[in-house]
Amino acid sequence: MAHAQLSPRTIPDRLQGRSARLLKSWEALLVVVATAIFLGNSLASPYFLDPWNLSDATFNFTEKAMIAFAMALVIISGEIDLSVASIIALASTAMGYAVQLGLDTPALVAIGLGVGLVCGAVNGLLITGLGLPSIVVTIGTMSLFRGLSFIVLGDQAFTGYPESFAWFGQGYVWWVFSFEFTLFVLLAVIYGVLLHKTNFGRAVYAIGNNQTAALFSGVRVARVKFALFLMTGLMAGLASICLTSRLGSTRPSIALGWELEVVTMVVLGGVNILGGSGTIPGVVLAALIMGMVTFGFGLLNVPGIVMSIFIGLLLISVIALPILWQRARRRLSQ
Amino acid sequence: MKPAIALEGISKSFPGVRALSEVSLTLYPGSVTALIGENGAGKSTLVKILTGIYQPDSGVIRVGETETAFPTALSAARAGVTAIHQETVLFDELSVAENIFLGHAPRNRFGLIDWKKLNADAAALLNRAGADFDPTIRLRDLGIARKHLVAIARALSVDARVVIMDEPTAALSHKEIHELYALIERLKADGKAILFISHKFDEIFRIADRYTVFRDGTMVGEGVIADVRQDDLVRMMVGRSVDSVYPKKEVGIGEPVLTVSGYRHPTEFEDINFELRRGEILGFYGLVGAGRSEFMQSLIGITRPSAGAIRLDGEVLVIRSPAEAIRAGIVYVPEERGRQGAIIGMPIFQNVTLPSLSHTSRTGFLRLANEFALAREYTSRLDLRAASLDQDVGTLSGGNQQKVVIAKWLATKPKVIILDEPTKGIDIGSKAAVHAFMSELAAQGLSVIMVSSEIPEIMGMSDRVIVMREGRIAGRFERSELTAEKLVRAAAGIEAQPEGRAA
Amino acid sequence: MMAKLLKNREILLVVAIMVLLAVIALRFPGFVAPANLARVYNDTSILIILALGQMAVILTRCIDLSMAANLALCGMVAAMLNTAFPGLPIPLVIVAVMVLGGLLGMVNGTLVWKLDIPPIVVTLGTLTIYRGLIFLLTDGKWINAHEMSDAFKALPRQDLAGLPVLSWLSLVMIALMFVVMGRTPLGRAFYAVGGNPHAAIYTGIDVGRTRFFAYCLSGALAGLSGYLWVSRYAVAYVDIAAGFELDIIAACVIGGISIAGGIGSVAGAVLGALFLGVIKNALPVINISPFAQMAISGTVIIIAVAVNARAERRKGRVILKKAEAV
Amino acid sequence: AHAENKKIALVVKALGIGFFEAANKGAQEAAKELGDVEVIYTGPTSTTAEGQIEVINSLIAQKVDAIAVSANDTDALVPALKKAMDRGIKVISWDSGVAKEGRMMHLNPSSNALIGNMIIKLAADHLPEGGDVAVLSASATATNQNTWIAEMKKVQDNYKGINVVATVYGDDLADKSYRETQGLIQSHPNLKAIIAPTSVGIVAAAQAVTDAGKIGQINVTGLGLPSEMAGHVKSGASKSFAIWNPIDLGYSATMIAYDLIQGAEAKPGAELKMGRMGTVKLDENNEGAMADPFVYDAKNVEEFAKIF
Ligand SMILES: Nc1ncnc2c1ncn2[C@@H]1O[C@H](COP(=O)(O)OP(=O)(O)OP(=O)(O)O)[C@@H](O)[C@H]1O
Ligand SMILES: Nc1ncnc2c1ncn2[C@@H]1O[C@H](COP(=O)(O)OP(=O)(O)OP(=O)(O)O)[C@@H](O)[C@H]1O
Ligand SMILES: [Mg+2]
Ligand SMILES: [Mg+2]
């Protein structure tokens with residue numbers, strides 16, 4: 001062979017072992033933060049280490065985390081969906097309307113998920129079909145979807161959800177494990193496998209890093225993105241079912257401002273907001289951290305806005321720390 | 001002669017890579033120094049140090065007699081160092097004139113930008129660079145070659161004593177290359193020191209006065225061009241001699257594999273008909289902008305043709321997306337490596353396996369061991385230089401990135417492979433490897449379409465050549481009847497023969 | 001000629017606003033009376049000033065989600081200054097909050113510049129921090145009209161040659177931004193950095209520093225708006241202008257400023273803000289249910305992006321020279 | 001704090017609103033009077049039901065003895081409050097109520113009928129000839145607002161010549177209320193009065209009327225805080241407005257919660273102790289009214305402005 005003369009060198013698969021990579025990862029940092037917060041909370045309040053209290057605390061983040069999983073994939077693919085909270089409102093409104101028509105729990109669930117899917121499809125079509133930037137499109141649909149709820153509901157509320165519907169937001173699967181928390185764990189596993197262990201997940205990363213090259217490499221970019229927006233829609237629908245069931249009523253202002261909390265959760269979980277990298281374990285840890293922070297501060301009766309300052313600082317410092325650390329190391333080594 | 005600028009003992013490391021170690025380079029007024037070296041030898045890195053984009057880890061820069069440092073691109077420009085970089089670094093949304101003067105625009109007496117003077121000065125500079133278009137149009141309305149001319153005009157806008165050109169001719173057509181040569185002559189006459197980086201030896205021997213050779217980040221030789229032969233330079237570059245850059249194998253050409261008939265597109269191309277046979281390397285020659293890439297991309301479903309049909313192994317195919325093309329066995333190695341080829345931010349092995357995931361995975365679930373095996377096989381066949389397979393592709397040099405991209409497509413085991421400018425920006429050693437590989441593939445029964453704007457490559461490698469001009473086929477030639485002159489004439493339309501009768 | 005004019009985004013917007021006004025005038029002629037139009041303009045002034053700042057940031061391929069929080073914090077500080085030192089001349093208060101706003105913008109800018117944190121993350125963080133600071137500063141207490149001095153409340157309302165000072169201030173800001181964006185190296189650097197940050201480095205433009213200045217600018221304008229908002233509505237509390245950041249971005253998007261950076265103009269930002277302003281002011285007047293307002297804004301934003309994207313789409317180069325042959 | 005101290009949580013719609021700050025003052029006063037009570041004053045930072053639920057969950061976890069809540073949503077808090085009651089916590093609502101099954105009793109600041117009548121009467125008193133009036137409400141979901149407006153519409157016919165021409169929503173945001181008022185002034189040239197039964201809305205409306213130069217033509221009235229309205233009464237933008245005393249309200253809610261902790265039972269017809277405010281008698285819905293709203297005008301507003 002003509003090229004044999006070029007004496008090919010063998011390239012090792014990896015330079016670092018598995019444990020070295022894990023230790024240096026973002027997740028390792030998050031585990032440290034989460035442990036610190038857990039210890040801090042246990043010391044600060046005698047009520048923290050109580051299984052039932054902890055179980056109650058999970059409701060602070062489970063619904064947002066469901067959406068955050070799907071959002072993580074969307075953000076890794078280089079897009080964003082700011083309309084999720086409005087989808088919750090619209091899906092909840094549709095379910096409330098169905099209750100007025102006398103429909104029962106299975107139908108309500110189907111409607112909640114269905115509206116989520118339809119909203120996701122609208123976003124997906126506008127973004128992949130017309131090639132519009134997702135941040136702007138979803139700012140638009142954010143107003144549109146919630147606006148529709150306002151048109152339907154105005155100053156009214158839908159109540160009177162059937163007894164059996166209450167289970168999704170208030171029921172327990174086993175001991176202190178609520179349905180919502182169980183769903184959260186299940187979805188974490190499903191999304192973790194989907195993103196990290198399947199061809200679909202690889203395509204999501206490829207699109208996030210270089211959409212054009214991914215297209216040339218045979219990745220069906222539009223189809224994958226459309227699926228991602230369907231997924232956030234579906235997850236928002238699911239969250240809407242849980243939240244509506246937990247509240248037992250629907251107002252158009254339901255879940256107001258959640259989109260930014262979901263995005264914060266995803267970014268805190270180490271997903272690059274510019275796309276291309278991030279992991280589901282990171283998002284799970286971020287959800288736990290945010291849940292523990294709000295609950296811990298709540299036990300101390302610290303106003304919510306102080307918690308959000310803390311989350312804001314955490315967000316910036318958790319991202320800034322590795323950068324500063326790397327710089328310091330580089331300076332030392334020189 | 002006093003040097004215009006001198007670098008001494010410059011070292012530069014990136015995480016995991018020592019790009020330059022203790023290199024020196026001296027440039028003299030009124031002389032052209034060629035900087036040559038394999039891909040990844042550190043040429044562009046040196047350019048970036050010279051223009052203040054990177055800071056060296058150690059070493060000194062001397063302008064005239066004084067030691068200086070270039071902490072920013074602006075400080076280098078102030079010291080009279082200007083460059084045309086390997087990538088076009090311009091602004092699509094701004095006007096041509098503004099692209100030329102951004103950062104040092106003429107101001108009026110209130111300190112505000114003087115648009116009138118700016119446009120007038122820009123027109124004058126464009127003229128000097130051999131371009132004659134309106135400087136007030138937006139850059140994005142220009143073709144790729146004209147953009148390069150703007151980059152050249154920008155370099156001229158600084159009153160420079162040192163002009164650096166990093167592969168300036170890669171995107172230029174025949175005519176424009178000659179205008180560039182003329183420009184270099186004029187700059188020389190003005191007493192500028194010129195650093196010229198190129199992988200094309202004909203070019204180097206034509207315009208350079210001196211040479212400096214880099215290998216693996218060190219300087220391995222310098223001297224006067226008149227004193228060396230090409231073989232010596234090649235040996236210095238790669239550390240051994242390369243017997244043949246065009247190791248074309250004689251292969252028995254088989255039956256038609258791919259038949260394209262009546263392909264047309266409203267604005268890009270029309271009347272494209274040809275056959276590709278088993279084991280054949282079909283060259284597509286044309287000037288830059290002839291529409292070859294556009295047509296090739298329509299074969300894999302990126303652009304939609306308005307009419308036409310293709311048959312693969314006798315079966316009519318409709319291809320609507322690259323995914324379908326890959327499944328059918330037609331793959332396209334794109335021309336724009338950074339944008340369409342490499343997925344920067346992902347590891348080498350994931351780049352290689354992306355189009356082959358359906359083979360390495362099981363029911364949609366990834367299998368890393370298979371992926372590494374596939375990536376190892378193809379990267380080692382192409383002699384990739386990398387620290388490990390999970391290294392980010394973005395940290396490789398341009399040439400090595402190209403190898404990853406080619407490996408990616410070969411790993412799909414295609415029937416037809418379309419290579420669009422496969423050796424653009426590749427050093428001579430790697431070029432030989434790519435060509436050898438291409439021959440090898442053809443010998444194994446693969447059919448190859450090779451789009452190239454380099455006549456030696458076309459002549460050296462093709463069994464048959466199709467020449468395109470302005471979206472149409474302008475000539476067809478068998479290997480036996482190939483001459484450089486025929487190719488150039490057909491491509492430039494000097495022989496205004498309607499196609500069909502020409503072949 | 002006409003076709004070329006129609007391709008121009010700004011002119012398209014002017015036409016859209018005219019059509020909108022005409023439609024409204026059909027049902028409510030009083031709306032287009034000059035005095036009322038002046039009132040609508042005045043009502044939109046703050047949004048215009050904010051959109052100008054956001055435009056600078058978006059042009060550099062960044063985003064400032066913290067503008068409304070910055071406004072609220074500066075507005076609160078203005079009100080606190082006024083209640084603590086009622087004698088303090090108002091121009092001094094304005095300068096003080098503009099400096100404060102600029103400093104808050106500098107925090108954003110520094111994090112983006114020095115630590116390379118993505119802008120959306122930085123401003124998502126500072127958005128909550130700035131608003132939280134108001135709470136810490138005031139314990140959540142409101143400052144009400146009766147606690148503010150008359151001069152403090154009067155300035156934006158003062159009539160000057162037929163227009164309130166608020167309107168004049170926004171006109172001055174528009175003029176200033178015209179000069180900054182069109183005629184200064186910094187303004188051009190905004191375009192360059194957003195259009196192609198990679199190329200900007202090669203051009204000798206410090207990308208980070210340019211972004212830093214864009215944030216300072218948007219911060220200072222948010223500070224100014226803070227005073228204007230608080231004095232105009234004569235109340236200051238934690239939640240003022242909550243969610244307004246999205247209106248500001250919407251104004252920019254409608255005005256044709258590309259979220260991907262590098263494309264946009266002062267005229268676009270102003271017209272985008274005016275478009276939203278006209279809609280917001282018209283809805284209650286033409287008796288459309290206030291509940292429909294949100295859905296209408298959303299629809300307008302989606303239509304605006306679609307139209308702008310169409311205008312931006314490359315028409316593609318034409319290789320075939322058919323036209324010449326014929 | 002002593003171990004045996006009773007913990008009573010006063011949960012408000014949102015922190016930082018003057019009205020609730022004043023209620024907190026009353027609650028603290030009650031705590032001091034009772035001696036063995038610790039009041040936890042808390043609430044979300046913006047007026048959302050989800051925020052209140054999070055707060056309530058953490059109160060349950062802290063095992064408080066009673067929760068007294070002014071709800072952002074009648075129904076949404078029910079599940080959380082039910083859980084609280086299941087764990088032995090006494091739950092009452094005050095100011096803005098919770099649906100019946102989510103609390104033991106509800107303390108209305110005044111009876112809804114009285115308030116509904118009061119707000120339109122305030123407008124009518126200054127319009128002997130009659131005329132157009134409009135309503136500027138808070139958020140469209142606020143329970144109490146909607147009840148009062150409904151009550152007002154019931155008695156509207158008793159005031160001859162008064163036409164309620166529109167109801168708009170300012171969402172308890174100063175700027176939105178201001179803009180909505182501008183819209184009202186525009187679209188109803190003959191507008192004579194604006195009724196804003198919300199302390200945020202009334203201030204914004206008065207400001208908008210002042211800015212439009214309509215003082216004397218349009219009278220702004222409704223429910224507001226003296227400290228916030230003093231200026232507008234002086235300028236004439238508002239001739240009079242009403243409010244109950246929020247200090248008394250917070251005081252009474254705390255006292256009732258304490259009474260329940262001590263074993264009193266909340267059932268129709270029961271009388272619960274409210275310290276210096278006397279007792280409240282529960283109706284068939286377990287609701288009770290504290291006192292009549294009090295009218296403020298140019299004569300007395302300055303004096304009360306110093307207090308709340
Ligand atoms: N930003 C960077 N980060 C990490 N490594 C880099 C970076 N830039 C260059 N390198 C490495 O430095 C070495 C020299 O690269 P350089 O681009 O200078 O090569 P070159 O001689 O210009 O090659 P080519 O002919 O392919 O353009 C290569 O090994 C490359 O991978
Ligand atoms: N004005 C332009 N701006 C940006 N990209 C361009 C421009 N013109 C061409 N390109 C892209 O650059 C690549 C090279 O263009 P080129 O001018 O070579 O045309 P082409 O259709 O590829 O013709 P050929 O392959 O025959 O040279 C193509 O992929 C094309 O899409
Ligand atoms: Mg290079
Ligand atoms: Mg090409």
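Because only heavy atoms are used, hydrogens play no part in the values below, and waters and symmetry mates are left out as well, while side chains stay in. Not measured: the values here are computed from a predicted model. So you know, we letter chains A, B, ... as the sequences are listed, proteins then strands, and number each from 1.
Per-residue heavy-atom pair counts under 4.5 Å with chain D were compared for A/Leu54, A/Asn53, A/Leu247, and the maximum is reached by A/Leu247. When each of A/Pro46, A/Gly304, A/Ala166, A/Ala255 is checked for heavy-atom pairs under 4.5 Å with chain D, A/Ala255 comes out on top.
For the atom pair CG (D/Asn57) and CG (A/Asp56), the distance works out to 5.0 Å, reported to the nearest 0.5 Å. Note: D/Glu50 CD to A/Arg251 CZ = 11.5 Å, rounded to the nearest 0.5 Å. A distance of 9.5 Å separates CH2 of A/Trp258 from OG1 of D/Thr48, quoted to the nearest 0.5 Å. Rounded to the nearest 0.5 angstrom, A/Leu300 CG and D/Ile40 CD1 are separated by 11.0 Å.
Taking every heavy atom of both residues into account, A/Phe295 and D/Ala61 meet most closely at CZ-CB, 3.8 Å.
A 6.0 Å sphere centred on CD of A/Gln100 holds more than 12 heavy atoms belonging to other residues, nucleotides or ligands. A/Tyr97 OH: 12 or fewer foreign heavy atoms inside a 6.0 Å radius.
Residues D/Asp73 and A/Ser249 meet the side-chain proximity criterion, which asks for heavy atoms closer than 4.5 Å.
A donor-acceptor distance shorter than 3.5 angstrom exists from the side chain of D/Gln62 to the backbone of A/Gly298, with no hydrogens or angles considered.
With respect to D/Glu54 and A/Lys64, a salt bridge is recorded, a charged nitrogen being found less than 4.0 Å from a carboxylate O.
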